[in-house]
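Quick notes on the structure that follows.
Scope of the values below: all heavy atoms of this structure, side chains included, with no hydrogens, waters or symmetry mates. Quick note: residue numbers are just sequence positions, from 1.
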Amino acid sequence: MTIHLNFNTFRSVAAACLLSSVAFLSSCTNNPDPQPVPPTTTNPGSGTATTPGTGTATTPGSGTSTTPGSGTTTPGSNQTVVASYDYIKQKDNLTFLTAAIAQAGLVADVNKGALTIFAPSDDAFRAAGYASVAAVSAAPAADLKRILQYHVIGSLIDLSSIPTRVNTSYQTTLPNTQVSVYKVSNSDVSINGAKVTQGDIPTTGSTIHIINKVLMPPTINAADVVKANNDLSLFVAAANRAGTSIQNILSNSTQNGVTVFAPNNAAFNAAGYANVAAIEKEDPKKLADLLAYHTLNYRAFAQTFQNGADVVTAQGSSVRFNVADGKVTILGKGNGTSSANITQADVVANNAVIHVIDRVLLFQ
């Protein structure tokens with residue numbers, strides 16, 4: 001496993017991969033009705049997964065489920081329901097999205113029913129680097145198509161049907177990609193860290209949730225992401241030495257995905273690993289247990305971590321999260337009072353969410 005890549009290389013690879021085009025919404029009508037995948041960890045912050053079809057989502061442990069589109073998107077008596085693209089075109093704060101849909105050639109597809117559309121606002125497009133509507137209209141159609149597919153679920157999901165305080169993965173209409181949805185309440189819902197600013201907007205057969213961020217579809221897995229970061233070279237060496245159990249976590253895809261807390265090189269140094277040679281002398285089983293303690297069996301973005309929550313890791317022991325003034329720290333059972341800070345949050349891979357931390361978490 002080479003470790004001589006850098007983030008500029010990573011961005012180039014990701015940009016190139018965005019040029020691939022796939023058929024939009026091909027799975028919306030052909031997928032069988034999904035069944036939620038039960039969480040493998042305990043609340044708070046556990047994860048479930050759903051796929052397009054019925055759109056149902058089950059809350060772990062409750063024994064009940066709710067069906068999206070069952071009533072919260074019913075229009076008021078003075079509200080005229082129109083097709084999705086027609087609604088988007090009428091909204092003053094969705095002009096960039098209107099242009100993106102047209103440039104990508106997806107007007108007819110967006111107007112199909114039984115969809116959930118996460119609609120980035122104009123400010124979200126500006127923050128993503130699109131200076132104007134004209135800039136969106138000049139962007140490569142294949143790039144926009146891939147991005148827009150990543151914002152669409154092939155079933156109706158109203159906000160009331162989303163489980164509370166559970167990281168729920170939904171398959172998008174971009175093949176082999178999921179988004180992670182987290183709800184505190186119907187007025188506090190996020191998708192891959194983007195906030196819903198206006199939700200449950202009914203259109204003909206579909207529903208729209210306006211969000212404050214453009215979601216960029218990932219193109220490489222967690223193993224490639226960490227290899228691209230020179231400050232994670234000791235983490236890469238530890239994963240290599242740990243063997244296939246950790247290598248599979250970083251390389252393989254599951255519907256729930258994983259969350260990886262990756263200690264930087266300074267963190268490994270402070271834990272007694274001076275260099276790659278020192279890691280290569282370590283017991284592989286010890287490293288496998290250690291890195292499993294840095295992994296959750298579902299995707300979790302930083303803003304979903306709850307203050308004081310003890311969350312079970314893939315290793316079996318728990319870590320404690322503390323949140324103050326928007327800053328997240330993580331305390332391992334063997335770290336005494338010395339918590340790890342998240343120095344880089346929410347690095348998205350196609351099978352994981354990665355958070356770089358400044359301390360190795362110890363479970364004993």
Side-chain angles (χ1 to χ4, degrees), residues 1-6 9-10 13 37 39-42 46-47 49 169 176 178 218-300 311-319 330-335 340 342-344 347-364:
M1 179 182 290
T2 180
I3 58 172
H4 297 293
L5 298 177
N6 54 44
T9 302
F10 163 67
V13 172
V37 177
T40 54
T41 54
T42 56
S46 61
S169 290
N176 303 315
Q178 294 83 28
T219 59
I220 61 176
N221 63 31
D224 291 327
V225 169
V226 296
K227 283 189 292 184
N229 186 345
N230 289 334
D231 197 33
L232 297 179
S233 60
L234 295 182
F235 177 84
V236 172
N240 283 341
R241 179 65 174 164
T244 57
S245 63
I246 299 302
Q247 293 165 13
N248 287 342
I249 285 174
L250 297 176
S251 299
N252 294 349
S253 295
T254 62
Q255 190 161 24
N256 278 331
V258 295
T259 301
V260 177
F261 302 102
N264 59 22
N265 288 346
F268 272 98
N269 293 156
Y273 298 98
N275 49 38
V276 170
I279 288 175
E280 290 177 344
K281 294 177 182 178
E282 186 59 274
D283 175 21
K285 176 65 165 57
K286 179 178 178 180
L287 288 174
D289 288 342
L290 183 67
L291 295 188
Y293 190 58
H294 289 72
T295 305
L296 308 179
N297 289 323
Y298 49 87
R299 297 174 184 84
V311 177
V312 176
T313 69
Q315 182 269 344
S317 300
S318 64
V319 294
I330 313 164
L331 183 64
K333 287 184 174 294
N335 288 109
I342 295 179
T343 61
Q344 185 178 5
V347 181
V348 182
N350 59 21
N351 63 338
V353 178
I354 300 163
H355 307 281
V356 180
I357 59 176
D358 64 359
R359 186 179 298 275
V360 172
L361 303 174
L362 305 175
F363 55 88
Q364 59 185 15

Under 3.5 Å donor-acceptor pairs involving side-chain atoms of residues 357-364, not counting sequence neighbours:
from	atom 1	to	atom 2	distance (Å)
D358	OD1	N341	N	2.7
D358	OD2	N341	ND2	3.0
R359	NE	S339	O	3.2

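Atom CG of residue N350 and atom CG of residue N176 lie 8.5 Å apart, to the nearest 0.5 angstrom. Note: T219 OG1 to D224 CG = 9.0 Å, rounded to the nearest 0.5 Å. Distance check: I249 CD1 to T259 OG1 gives 11.5 Å after rounding to the nearest 0.5 Å. Here L291 contributes atom CG and Q315 contributes atom CD; the two are 11.0 Å apart, rounded to the nearest 0.5 Å. Taken to the nearest 0.5 Å, the CZ atom of R241 stands 14.0 Å off from the CD1 atom of I246. Here I330 contributes atom CD1 and N335 contributes atom CG; the two are 10.0 Å apart, rounded to the nearest 0.5 Å.
Residues forming a salt bridge (Lys or Arg N to Asp or Glu O under 4.0 Å) with E280 (at least two apart in sequence, or on another chain): none. Residues passing the side chain to side chain contact (heavy atoms under 4.5 Å, CB included) test with S245, sequence neighbours excluded: A288. Remark: N252 engages N248 in a side chain to side chain contact (heavy atoms under 4.5 Å, CB included) (not counting sequence neighbours). Scored by the side-chain hydrogen bond (donor to acceptor under 3.5 Å, both in side chains) test, T295 finds no partners at all (sequence neighbours excluded). For D231, there are no side-chain hydrogen bond (donor to acceptor under 3.5 Å, both in side chains) partners, not counting sequence neighbours. Scanning for salt bridge (Lys or Arg N to Asp or Glu O under 4.0 Å) contacts around D289 gives K285, with sequence neighbours left out. Here H294 pairs with nothing under the ring pair (Phe, Tyr, Trp, His ring centres under 6.0 Å) rule; sequence neighbours left out.
Closest heavy-atom contact between A349 and N221: CB-C, 3.6 Å. Scanning all heavy atoms of the two residues, the minimum distance from A352 to A222 falls at CB-CB, 3.9 Å.
Side-chain contact between V276 and L234 is present, with at least one heavy-atom pair separated by less than 4.5 Å. By the 4.5 Å heavy-atom criterion applied to side chains, S317 and Y293 are counted as neighbours.
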Practice task
Dump the intermediate steps for side-chain contact (heavy atoms from CB on, under 4.5 Å) on N297 and N256, then the final yes or no.
Solution key: CA-CA 7 Å; N297 289 323; N256 278 331; over 6 Å; no

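Note on residues 262-274: pairs passing side-chain hydrogen bond (donor to acceptor under 3.5 Å, both in side chains), not counting sequence neighbours, are S233-N265, Y273-E282. Residue pairs satisfying the ring pair (Phe, Tyr, Trp, His ring centres under 6.0 Å) criterion with at least one member in residues 225-255, sequence neighbours excluded, are absent.
Between the side chain of R299 and the main chain of N351, no donor-acceptor pair closer than 3.5 Å is present. A donor-acceptor distance shorter than 3.5 angstrom exists from the side chain of T343 to the backbone of V356, with no hydrogens or angles considered.
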